[in-house]
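Keep in mind that the numbers below use all heavy atoms, side chains included, and drop hydrogens, waters and symmetry copies. Labels below follow one simple rule: chain letters A, B, ... track the order of the sequence lines, proteins then strands, and each chain is numbered from 1.
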Protein chains: 2
Amino acid sequence: MQKSMTIQEVAQLAGVSVATVSRVLNESPLVKEATRQKVLSVIHKFDYQPNLLGRDLRRSETMKVLVLTPSLDRPIFAEIVKGIEDRAKEDGYYVLVCPTSNHLEREKELLQMLKNRLVDGVITFSTTLSEEELSALGQKHSIVQCCEFENASYTCCVSINDEQAAFDAVSHFIELGHQRISMIGASTLLYSERLREQGYRRALTQHHIPCREEWIKHGGFFHHDGEALTNELLQLPVLPTAIFCMNDSLAIGCVNAIKKKGWSVPGDIAVIGFDNTHEATMSTPALTTVHQPKYDLGYTAMNLLIHNMVHTEKKYENVMLQHQLIKRESTLQS
Amino acid sequence: MQKSMTIQEVAQLAGVSVATVSRVLNESPLVKEATRQKVLSVIHKFDYQPNLLGRDLRRSETMKVLVLTPSLDRPIFAEIVKGIEDRAKEDGYYVLVCPTSNHLEREKELLQMLKNRLVDGVITFSTTLSEEELSALGQKHSIVQCCEFENASYTCCVSINDEQAAFDAVSHFIELGHQRISMIGASTLLYSERLREQGYRRALTQHHIPCREEWIKHGGFFHHDGEALTNELLQLPVLPTAIFCMNDSLAIGCVNAIKKKGWSVPGDIAVIGFDNTHEATMSTPALTTVHQPKYDLGYTAMNLLIHNMVHTEKKYENVMLQHQLIKRESTLQS
DNA sequence: TTGTAGGCGTTATCAC
DNA sequence: GTGATAACGCCTACAA
């Protein structure tokens with residue numbers, strides 16, 4: 001990059017001081033209209049672009065927010081990020097998305113940006129940080145966890161009530177007469193998934209249905225994981241008649257595995273997904289699934305983050321938004 | 001944020017000058033091991049974190065690269081970004097992903113970060129900028145277009161040969177005996193898509209098959225777009241026996257629409273997709289599709305970008321990587 | 001209403 | 001080897 005114009009040169013060319021140029025740049029009302037025009041004309045003539053590094057350093061804020069996402073190809077994130085961005089725009093923040101691949105080292109590198117004052121705050125979907133690390137970070141900096149979280153003090157979180165959502169889904173199966181209900185998920189490391197498993201167990205217990213450990217499987221986030229896990233289930237001596245999946249991608253893979261065996265959904269086995277992404281309606285049969293208010297989750301998370309970035313006394317709170325069970329063909333009473 | 005430790009305070013506590021601390025920070029070899037240890041012990045004791053805004057300002061480089069993507073929920077981008085990130089890591093660059101929603105205004109806001117020296121370079125998938133704007137920008141700054149591009153001077157681009165790729169796909173249909181071949185895509189505004197349409201027409205012409213304009217449809221990127229477009233096709237008086245789709249999501253929607261009408265793929269209508277994302281193998285039938293070397297595209301794009309960020313004499317070149325037609329069930333000879 | 005000047009936190013060029 | 005010190009580009013009291 002060749003060296004570019006500075007506020008000094010603009011000042012000189014306009015015959016005013018740098019302070020005045022700065023005032024014009026920041027739309028200060030205490031600049032005479034005539035000088036303002038003079039300065040603006042120079043700015044436009046030479047297409048002067050302020051170097052915001054100078055401003056950021058001086059103000060010690062960057063108006064940038066980092067969004068840490070495990071991966072870029074999970075459909076649920078796209079809409080959450082929309083919510084984040086819309087709220088960010090209201091206050092002029094930049095939103096920067098960085099995938100971590102769920103890799104601890106990578107995540108720490110990215111979190112360095114916060115410590116190094118390169119960004120003002122972070123929203124994270126699922127962290128690999130320990131409770132202590134997160135608490136320590138949360139005391140000094142602004143961090144909000146979204147959807148998925150590590151339960152720690154000095155920490156903010158916006159999510160749905162995962163336990164209840166799973167309870168609702170499994171209860172729906174039970175109401176339809178199912179007794180042999182399986183559950184497949186991505187990873188037991190996820191707090192949200194442990195909560196959902198609790199909800200799953202509570203629903204079964206409440207209806208005096210015994211819980212079979214071999215019907216609970218974990219293995220990944222994607223289509224092929226759902227297919228693989230379901231294939232494992234389908235080799236069991238006693239087969240489930242219903243499968244509760246931790247996200248819609250898994251559910252699609254699950255449905256596929258069942259169909260490949262020549263069985264039908266929901267005729268032979270019913271399926272419920274999670275998230276209500278657009279995948280859910282593209283599947284045949286369309287998926288019954290737990291709707292997460294994705295846009296609102298993002299918007300709310302950013303809202304909380306902005307509060308904490310702006311005020312010195314942070315609030316550390318867990319916000320829960322409403323979920324909803326969307327009933328579609330994959331659990332239709334036959 | 002409470003005011004945090006600076007290099008000055010570290011210097012004082014360690015009983016050395018700021019210059020020495022800076023040297024330690026930057027791993028300069030000309031520091032005596034003893035003083036190095038003294039400084040490091042202070043740094044660790046107080047968990048000093050350098051404010052990189054100061055460094056960036058001083059060095060006038062940020063080691064940050066912006067990736068502009070139309071949306072976050074297009075599976076092809078995830079893997080391209082992996083390639084970008086891996087190359088970036090080799091030279092210590094941060095990669096920041098920002099969705100533009102294909103919205104010109106948003107894109108310009110983001111591009112401001114480049115002009116304002118908040119990032120050192122940009123990789124963009126599809127821009128809404130005009131040829132002139134892009135050329136102007138490309139002269140002063142480092143920009144690489146990836147996969148999708150606006151054909152302008154002072155511009156870099158990494159992609160496959162879209163025209164030839166489409167030609168290959170359609171030729172495959174023709175070899176299988178198809179004569180009534182349709183094509184559905186996202187938007188005629190995309191340069192890549194116009195190229196692919198040329199390839200489509202060339203293949204037909206070369207085999208003396210007339211081109212029917214009503215068999216070419218455009219309307220969006222996603223499943224539901226593919227379904228809607230296919231439904232339009234299926235209402236035509238003369239139906240195609242093969243449909244070439246501009247991406248795998250469209251193809252999945254296309255297959256779905258056909259199956260919902262009670263027809264079979266490839267029995268009644270054969271389908272080819274584009275990109276070879278993981279969706280392609282999850283569909284039933286699995287999709288024949290044009291493979292793009294996604295990771296390599298990203299890696300190569302970042303490589304070129306780094307060259308241009310580092311050297312003052314930029315190279316403006318268009319790199320084409322190899323595509324490949326992957327044959328699967330959706331075009332299987334019945 | 002405008003200008004002067006100090007400082008944001010760091011690096012880099014000198015001397016010593 | 002190490003230490004002053006002048007930038008980097010901008011903002012903002014304070015003075016005028």
Side-chain angles (χ1 to χ4, degrees), chain A residues 1-40 42-43 46-63 112-120, chain B residues 1-40 42-43 46-64 92 112-120:
Chain A
M1 289 333 73
Q2 67 268 40
K3 195 178 155 352
S4 54
M5 201 176 206
T6 76
I7 206 174
Q8 322 273 354
E9 310 179 52
V10 176
Q12 216 158 7
L13 287 163
V16 298
S17 75
V18 290
T20 300
V21 178
S22 176
R23 289 192 188 97
V24 171
L25 247 29
N26 292 286
E27 290 165 341
S28 157
L30 7 107
V31 177
K32 211 189 346 179
E33 182 58 22
T35 37
R36 210 176 79 85
Q37 288 307 334
K38 204 166 45 177
V39 171
L40 281 180
V42 173
I43 288 179
F46 295 92
D47 188 31
Y48 162 70
Q49 302 283 353
N51 181 335
L52 292 193
L53 288 175
R55 172 184 300 177
D56 288 353
L57 176 58
R58 178 58 224 241
R59 295 193 176 153
S60 64
E61 70 173 352
T62 63
M63 301 309 284
Q112 268 302 123
M113 294 185 71
L114 191 57
K115 296 186 184 172
N116 291 330
R117 316 220 106 73
L118 259 21
V119 297
D120 299 340
Chain B
M1 293 327 77
Q2 68 268 41
K3 194 175 159 351
S4 53
M5 201 176 206
T6 75
I7 205 173
Q8 321 274 352
E9 311 178 51
V10 175
Q12 218 160 5
L13 287 162
V16 298
S17 74
V18 291
T20 300
V21 178
S22 176
R23 287 191 189 98
V24 172
L25 248 29
N26 293 286
E27 290 165 340
S28 159
L30 13 102
V31 177
K32 211 186 349 176
E33 182 58 21
T35 38
R36 211 176 79 84
Q37 288 307 334
K38 204 167 44 174
V39 172
L40 282 179
V42 173
I43 289 180
F46 296 92
D47 189 31
Y48 161 71
Q49 301 284 352
N51 181 336
L52 292 194
L53 288 175
R55 171 185 299 177
D56 288 353
L57 175 59
R58 179 57 226 236
R59 293 194 176 152
S60 65
E61 72 173 350
T62 64
M63 301 308 283
K64 290 199 275 272
Q112 269 302 124
M113 294 184 72
L114 191 58
K115 295 187 186 172
N116 292 329
R117 317 220 108 73
L118 259 21
V119 296
D120 298 341

Look at B:Tyr48 and C:dT10 and indicate whether a side-chain polar atom (N or O) is within less than 4.0 Å of OP1 or OP2. yes

Hey, is CD on A:Gln112 packed in by over 12 heavy atoms from elsewhere, all under 6.0 Å? yes

To the nearest Å, give me how far apart CG (B:Leu25) and P (C:dT10) are. 8 Å

Under 4.0 Å, counting only non-hydrogen atoms across every strand here, what does B:Ser60 touch: a base, just sugar-phosphate, or nothing? nothing

When rounded to whole Å, the CD1 to P distance for the pair A:Ile7 and D:dG9 reads 11 Å

Select one nucleotide: of D:dT2, C:dT10, D:dC10, the one nearest the side-chain heavy atoms of B:Val31. D:dT2

For B:Leu52 and D:dC8, give me the distance from atom CG to atom C1', rounded to whole Å. 15 Å

Taking atom types as they are modelled, would you say the side chain of B:Arg58 forms a donor-acceptor pair with the base of C:dT11 within the 3.5 Å cutoff? yes

Contacts of B:Val16 and B:Leu57 projected onto DNA chain D by closest heavy atom; the upstream (5') one is B:Val16

Between C:dT11 (P) and B:Glu27 (CD): distance, integer Å: 12 Å

Give B:Asp56 one of three labels, base, sugar-phosphate or nothing, depending on what nucleic acid heavy atoms sit under 4.0 Å from its own. nothing

Give the rounded distance in Å between these two atoms: CG of B:Asn51 and P of C:dG7. 18 Å

So, is A:Thr20 close to the C:dT2 phosphate, meaning a side-chain N or O under 4.0 Å from OP1 or OP2? no

How many whole angstroms separate atom CG of B:Asn26 from atom C1' of C:dT13? 15 Å

Sugar-phosphate, base or nothing in reach of A:Leu53, heavy atoms under 4.0 Å: nothing

Can you find a donor-acceptor N/O pair under 3.5 angstrom joining the side chain of B:Arg36 to the base of D:dG1? no

Between B:Arg117 (CZ) and D:dC10 (C1'), how many Å, whole number? 14 Å

Rounding to 0.5 Å, atoms CD (B:Gln8) and OG (B:Ser17) come to a distance of 10.0 Å

Does OP1 or OP2 of D:dG9 have a side-chain N or O of A:Thr6 closer than 4.0 Å? no

Output for pair (A:Arg55 CZ, A:Met63 CE), nearest 0.5 Å, gives 10.0 Å

Given atom CD of B:Glu33 and atom C1' of D:dT2, what is their separation to the nearest angstrom? 16 Å

Is the phosphate of C:dT11 approached by B:Ser22 (side-chain N or O, under 4.0 Å from OP1 or OP2)? yes

Which part of the nucleic acid, if any, lies within contact of A:Leu30, taking any heavy atom under 4.0 Å across all strands shown: a base, the sugar-phosphate backbone alone, or nothing? base

Quick one: is C:dT1 close enough that its OP1 or OP2 comes under 4.0 Å of any side-chain N or O from A:Thr35? no

Between B:Asp56 and B:Thr62, is any side-chain donor less than 3.5 angstrom from a side-chain acceptor? no

Tell me yes or no: between the side chains of B:Gln37 and B:Glu33, is some donor less than 3.5 Å from an acceptor? yes

Side-chain heavy atoms of B:Asn51 within contact of A:Asn116, under 4.5 Å: no

